[in-house]
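Structure first, then comments.
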Amino acid sequence: MRIRFTKMQGAGNDFVVLDETQGRLGLGAAQYRFLADRHFGVGADQILSVRPAPSPEVDFEYVIHNADGGEVEHCGNGARCFVRYVRERGLTEKRTVRVQVQRGVIELTEADDGRVRVDMGAPVFALDQVPFDPTGLTPVPAGATPDHRWQLWSLDLQPNQASAPASQAQEAMVNVAILSMGNPHAVQLVGDVDTAPVLDHGPLIERHPAFPNRVNAGFLQIVDRGHVRLRVYERGAGETLACGTGACAAVVAGIRIGLLDHRVDVQARGGQLTIEWAGGMQDHVFMTGPATTVFEGSIELPDSLSNPA
Ligand SMILES: N[C@H](CCC[C@H](N)C(=O)O)C(=O)O
């Protein structure tokens with residue numbers, strides 16, 4: 001089957017976007033993995049599907065699959081590309097678009113300067129909704145350091161000696177803040193993102209048994225109360241050049257710990273995002289950033305992929 005696609009990126013987080021407004025393509029995990037494959041397919045961190053509104057309250061449905069083929073609840077950088085896509089293709093004239101995602105409804109607005117502002121919804125801190133199972137884990141004592149005003153958890157990163165190469169088989173204890181932006185995040189403070197063990201510890205955190213649905217692992221460097229640097233080892237995709245929900249989770253964690261103001265510029269490896277959160281448990285998080293169409297194309301999906309994965 002040959003399908004058409006649009007390649008897009010938001011701060012370097014890249015996507016294959018599929019127009020399913022005229023009907024479903026009926027793709028499965030193996031076909032999403034193929035599209036995301038940077039050698040045999042198109043190459044992307046996530047695959048975004050644009051679908052018709054499932055109810056009169058919204059304008060579209062937005063479905064996200066990670067590079068590993070798994071469907072996920074939310075994608076912030078993808079949301080900005082979504083609104084750029086539907087406006088560029090004339091699928092809507094609206095400047096503010098309401099979109100149904102797995103976690104609920106989000107509002108996307110294309111600003112005059114070409115950036116896109118997304119209402120990312122409220123963060124979720126209830127551990128069972130992340131989900132996160134603290135059984136057997138050690139809570140970091142609140143006040144352990146002057147800036148720890150929020151419960152962090154110590155994770156024991158026992159690499160699987162059998163699979164981890166000797167260079168990576170380092171035991172480690174990391175203190176993480178746990179929250180959800182619709183998708184799960186574990187954020188830790190580091191002194192320098194450039195030297196943080198993102199590729200060593202990222203996979204160990206992603207698959208830590210305390211996260212029944214796995215987790216996105218954020219490495220947050222505080223520059224000052226209005227500026228941070230961030231790297232994210234994403235669930236189902238590995239380290240990406242930017243992670244929108246990860247930027248939201250990291251800034252929310254920094255504000256709750258008492259280290260950040262309510263509007264923060266986040267410098268990711270692929271670009272800059274601006275995150276705003278007033279700090280109330282019901283307050284929504286707002287993200288502003290770029291969205292770019294890179295190219296359009298078509299690709300033949302091998303018939304062998306159509307068999308159930
Ligand atoms: N890897 C994420 C989904 C994509 C999130 C990220 N690309 C963003 O911009 O928010 C997860 O499994 O929850």
Side-chain angles (χ1 to χ4, degrees), residues 13 45 66-68 70 72-73 123-145 147-222 228-254 256-257 259 266 268-269:
N13 190 190
D45 295 321
N66 275 326
D68 70 358
V72 291
E73 307 89 343
V124 173
F125 300 101
L127 297 179
D128 62 339
Q129 294 178 39
V130 173
F132 172 72
D133 175 6
T135 308
L137 296 187
T138 310
V140 176
T145 63
D147 46 31
H148 273 192
R149 296 182 216 147
W150 180 33
Q151 181 66 61
L152 304 184
W153 293 88
S154 280
L155 295 184
D156 182 0
L157 302 184
Q158 286 283 358
N160 173 346
Q161 305 292 347
S163 64
S167 63
Q168 290 181 9
Q170 302 144 358
E171 293 189 20
M173 294 295 287
V174 293
N175 294 338
V176 290
I178 307 294
L179 68 161
S180 169
M181 285 303 303
N183 59 346
H185 290 271
V187 182
Q188 62 181 287
L189 295 170
V190 296
D192 180 350
V193 289
D194 293 330
T195 58
V198 174
L199 299 182
D200 285 356
H201 291 178
L204 300 176
I205 297 169
E206 180 201 6
R207 295 179 177 279
H208 191 283
F211 300 99
N213 295 348
R214 295 183 291 157
V215 73
N216 298 284
F219 298 77
L220 172 63
Q221 175 186 345
I222 308 278
V228 301
R229 299 177 70 212
L230 179 70
R231 290 172 67 184
V232 180
Y233 189 92
E234 286 197 30
R235 176 181 63 171
E239 182 176 7
T240 57
L241 294 183
C243 177
T245 51
C248 294
V251 168
V252 166
R256 277 204 75 182
I257 290 171
L259 297 173
V266 178
R269 297 191 124 177

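Both backbone and side-chain heavy atoms feed into the values below; hydrogens, waters and symmetry mates do not. Here, residue 1 is the first one in the sequence, and each next residue gets the next number. Owing to the predicted nature of the structure, the values given are computational and were not obtained by experimental measurement.
By the side-chain contact (heavy atoms from CB on, under 4.5 Å) test, Pro212 is found to be paired with Pro131, residues two or more places apart in sequence or in another chain being considered. Every residue meeting the side-chain contact (heavy atoms from CB on, under 4.5 Å) condition with Asp194, not counting sequence neighbours, appears here in chain and number order: Asp192, Arg229, Arg269. In this view, Val174 and Leu155, Leu157, Val176, Gln188, His201, Ile205 satisfy the side-chain contact (heavy atoms from CB on, under 4.5 Å) rule, not counting sequence neighbours. Partners of Phe219 under the ring pair (Phe, Tyr, Trp, His ring centres under 6.0 Å) rule, at least two apart in sequence or in another chain, do not exist in this structure. Ser154 meets the side-chain hydrogen bond (donor to acceptor under 3.5 Å, both in side chains) test with Asn175; sequence neighbours excluded. For Ser180, there are no side-chain hydrogen bond (donor to acceptor under 3.5 Å, both in side chains) partners at least two apart in sequence or on another chain. In this view, Asp68 and Arg214 satisfy the side-chain hydrogen bond (donor to acceptor under 3.5 Å, both in side chains) rule, not counting sequence neighbours. With sequence neighbours left out, Glu73 forms a side-chain contact (heavy atoms from CB on, under 4.5 Å) with Gln102, Asn183, Pro184, Arg235.
Annotation for Glu206 and Tyr233: closest pair OE1-CE2, 3.5 Å, computed over non-hydrogen atoms. Of all heavy-atom pairs between Ala186 and Val215, the closest is N-CG2, 3.5 Å. What you find for Pro134 and Phe132 is that their closest heavy atoms are CD-O, 3.5 Å. Minimum interatomic distance between Cys243 and His185 (heavy atoms only, all atoms of both residues): SG-CE1, 4.2 Å. Nearest approach of Gln151 to Pro139, heavy atoms of both residues: NE2-CB, 3.0 Å.
Val198 has its side chain out of reach of Val193: every pair of non-hydrogen atoms, C-beta onward, lies at least 4.5 Å apart. At least one side-chain heavy atom of Trp153 sits less than 4.5 Å from a side-chain heavy atom of Leu127. Looking at heavy atoms from C-beta onward, Val190 lies out of side-chain contact with Thr195 at the 4.5 angstrom threshold. Gln129 is not listed as a side-chain neighbour of Leu179, based on a closest heavy-atom distance of 4.5 Å or more. At a threshold of 4.5 Å between non-hydrogen side-chain atoms, the residues Glu239 and Arg231 count as touching. Using a 4.5 Å heavy-atom threshold, the side chains of Phe211 and Pro209 count as separate.
Separation of atoms CG (Asn13) and CG (Asp45) is listed at 4.5 Å; rounding is to 0.5 Å. How far CG of Leu204 is from CG of Asp156: 10.0 Å, rounded to the nearest 0.5 Å. Note: Leu220 CG to Leu189 CG = 5.5 Å, rounded to the nearest 0.5 Å.
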Tell me which donor-acceptor pairs under 3.5 Å the side chains of residues 246-253 have, and how far apart each pair is, sequence neighbours excluded?
none

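Among residue pairs with one or both ends in residues 125-138, none qualify as salt bridge (charged side-chain N to carboxylate O under 4.0 Å, His left out); sequence neighbours excluded.
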